[in-house]
Amino acid sequence: MPAPHPPTFDKPLSLPLSQELLDRINDFLRPQTPEDILKWATEHIHGLFQTTAFGLTGLVAIDMLSKITTSPPPLIFIDTLYHFQETYDLVEEVKQKYNVPVTVYKPEGCETVQDFENKYGEKLWERDEELYDFTVKVEPARRAYEDLGVKAVITGRRASQGADRANLQPLEIDSTGLIKLNPLFAWNFHLVEWYITENKVPRNKLLDQGYRSVGDWHSTVKSGDGDTGERAGRWAGKTEKTECGLHVDYFKLKAAVKAKQEAVVAQAEQPPS
């Protein structure tokens, strides 16, 4: 009995995707290798970019894409202004090694930490974490997607990272209609580390200093003894926090932040008693 022919899909895909088509695509992509998923995406998805904070999984995807196509999807880096210097150094190293454009987006109206703190005060992440996440990550990302015509983004999320990512699929659509491609969704941390070492991919130097996952300097610590989680050290002391805001419901987060901002304005307009 002849083997069944693989399914075919429009090149490029017509957007928006129906749920039936999304399910068919995921059924097709699920058993594929990360390289095959990335190759399929470059051939089928228009407006494809890669958003990255230059973590290990994102770096693996960058390296794979450099070997798949001579014109890889452009990179988008959300600069919160609070990254470690080692992260900024890694951005420059990746730009030089792979010769891929990196477009940087920062909090609106802010070029420096001083600009941000003049606008929002010091240690916003301690006073209002939700507002902080929206201001330094979510809003800049949405602005990038609108400015650049982004229809789909490659992410570094993997199911083995657990929490909200445990049931990850190769292709997803978020509440805004943005397509998210998760090419390494099925890889565990050991496979990622193996690929990085085997292919001499640049990596954040902090990973050799006791850090397992690197985010903003103020919310990242070295992993403790016995703490072997893949994202150990992120959001230290906040056991219920597993996402930075980029992968939560955009409209819910935006509504919550708007309500807080309106409350602050209303309080400021109250006449003195």
Side-chain H-bond candidate by donor/acceptor type, D147 with Y105, under 3.5 Å
yes
Under 3.5 Å, which donor-acceptor pairs do the side chains of residues 13-22 form with other protein atoms, sequence neighbours left out?
residue	atom	partner	partner atom	Å
S18	OG	L21	N	3.1
Q19	NE2	D23	OD1	2.8
E20	OE2	R24	NE	3.2

Would a 4.5 Å heavy-atom cut-off, applied to side chains only, mark I45 and L171 as touching?
yes
Please enumerate all residues that pass side-chain contact (heavy atoms from CB on, under 4.5 Å) together with D27, with sequence neighbours excluded.
R30
With under 30° as parallel and over 60° as perpendicular, where do the rings of F9 and W40 fit, or are they tilted in between?
perpendicular
Does the pair K39/E35 count as a salt bridge with the N-to-O cut at 4.0 Å?
no
What's the separation between atom OG1 in T51 and atom CD1 in I76, rounded to the nearest 0.5 Å?
6.5 Å
Sub-3.5 Å donor-acceptor pair from the side chain of T197 to the main-chain atoms of W194, do we have one?
no
Taken in chain and number order and not counting sequence neighbours, the residues that satisfy side-chain hydrogen bond (donor to acceptor under 3.5 Å, both in side chains) with D208 are R203
Among all residues two or more places apart in sequence or in another chain, which pass the side-chain contact (heavy atoms from CB on, under 4.5 Å) test with K123?
W125, E126
Test side chain to side chain contact (heavy atoms under 4.5 Å, CB included) applied to V60 and I196, step by step
CA-CA 7 Å; V60 169; I196 292 281; 3.8 Å; yes
Compare all side-chain heavy atoms of T69 with those of P72 and state whether any distance is below 4.5 angstrom.
yes
Looking at residues at least two apart in the chain, or sitting in another chain, which of them share a side-chain hydrogen bond (donor to acceptor under 3.5 Å, both in side chains) with D89?
Q85
Taking the side chain from N204 and the backbone from L206, do they hold a donor-acceptor pair closer than 3.5 Å?
yes
Listing, residues 90-98 side-chain donor-acceptor contacts under 3.5 Å, not counting sequence neighbours, or none:
residue	atom	partner	partner atom	Å
E92	OE2	K95	NZ	3.4
Y98	OH	D63	OD1	2.7

Give the ring-plane orientation class for Y88 versus H83, where under 30° counts as parallel, over 60° as perpendicular and anything between as tilted.
perpendicular
By side-chain contact (heavy atoms from CB on, under 4.5 Å), V113 pairs with (sequence neighbours left out) L81, Y82, E117
Note, L75 side chain near T103 side chain (heavy atom, < 4.5 Å)
no
Separation between NZ of K222 and CD of Q209, rounded to the nearest 0.5 Å:
6.0 Å
Which heavy-atom pair separates N199 from K67 by the least distance, and what is that distance?
OD1-NZ, 2.9 Å
With sequence neighbours left out, write down each residue that passes side-chain contact (heavy atoms from CB on, under 4.5 Å) with T112, or none if nothing qualifies.
Q114, D115
Donor-acceptor contact below 3.5 Å, side chain E139 vs main chain P107:
no
Looking at R157, is its backbone amide N or carbonyl O close enough to the side chain of N182 to form a donor-acceptor pair, meaning the two atoms are under 3.5 Å apart?
no
Check P140 against T135 and note the closest heavy-atom contact, atom names and distance.
CD-O, 3.3 Å
Output for pair (I68 CD1, E43 CD), nearest 0.5 Å, gives 9.5 Å
What's the verdict on side chain to side chain contact (heavy atoms under 4.5 Å, CB included) for F54 and V214, showing C-alpha distance, side-chain angles and the deciding distance?
CA-CA 9 Å; F54 297 89; V214 179; over 6 Å; no
Qualifying salt bridge (Lys or Arg N to Asp or Glu O under 4.0 Å) pairs, either residue in residues 68-83, two or more places apart
none
side-chain hydrogen bond (donor to acceptor under 3.5 Å, both in side chains) involving E198 - partner list, sequence neighbours excluded
none
Report the distance from atom NZ of K180 to atom CG of L168, rounding to the nearest 0.5 Å.
10.0 Å
Are any side-chain N or O atoms of T220 and backbone N or O atoms of G215, one a donor and one an acceptor, separated by less than 3.5 Å?
yes
Are any of the side-chain heavy atoms of P183 and I154 separated by less than 4.5 Å?
yes
Does atom CD (E130) have a neighbourhood of more than 12 heavy atoms from anything else shown, all under 6.0 Å?
yes
Contacts of H46 meeting side-chain hydrogen bond (donor to acceptor under 3.5 Å, both in side chains) (sequence neighbours excluded), chain-then-number -> none
Could you walk me through whether D216 and S219 pass side-chain hydrogen bond (donor to acceptor under 3.5 Å, both in side chains), step by step?
CA-CA 6 Å; D216 289 343; S219 57; 4.9 Å; no
Considering only heavy atoms from C-beta outward, does the side chain of T57 approach that of T52 to under 4.5 Å?
no
How long is the straight-line distance from OH of Y195 back to NZ of K200, given to the nearest 0.5 Å?
12.0 Å
Minimal heavy-atom distance between C110 and K119, with the atoms involved, is SG-CD, 4.2 Å
Tell me if the centroids of the rings in Y120 and Y132 come within less than 6.0 Å of each other.
no
Could you give me the CA-CA distance, side-chain angles and deciding distance for F189 and R158, then say whether side chain to side chain contact (heavy atoms under 4.5 Å, CB included) is met?
CA-CA 9 Å; F189 185 72; R158 292 178 289 106; 4.0 Å; yes
Could you check if a side-chain atom of Q50 sits within less than 4.5 angstrom of a side-chain atom of P74, using non-hydrogen atoms only?
no
Begin with the C-alpha distance, continue with both residues' side-chain angles, and end with the deciding distance and a verdict on side chain to side chain contact (heavy atoms under 4.5 Å, CB included) for T80 and K137.
CA-CA 6 Å; T80 65; K137 298 171 186 174; 3.8 Å; yes
Separation between OG of S160 and CH2 of W187, rounded to the nearest 0.5 Å
11.5 Å
Y145-F49 aromatic ring centre distance below 6.0 Å:
no
Is there side-chain contact between L124 and F116, with heavy atoms separated by less than 4.5 Å?
yes
Could you list the residues that satisfy salt bridge (charged side-chain N to carboxylate O under 4.0 Å, His left out) with E111, not counting sequence neighbours?
K106
Side-chain contact test, heavy atoms from C-beta onward, threshold under 4.5 Å: evaluate it for L181 versus T155 and give yes or no.
no
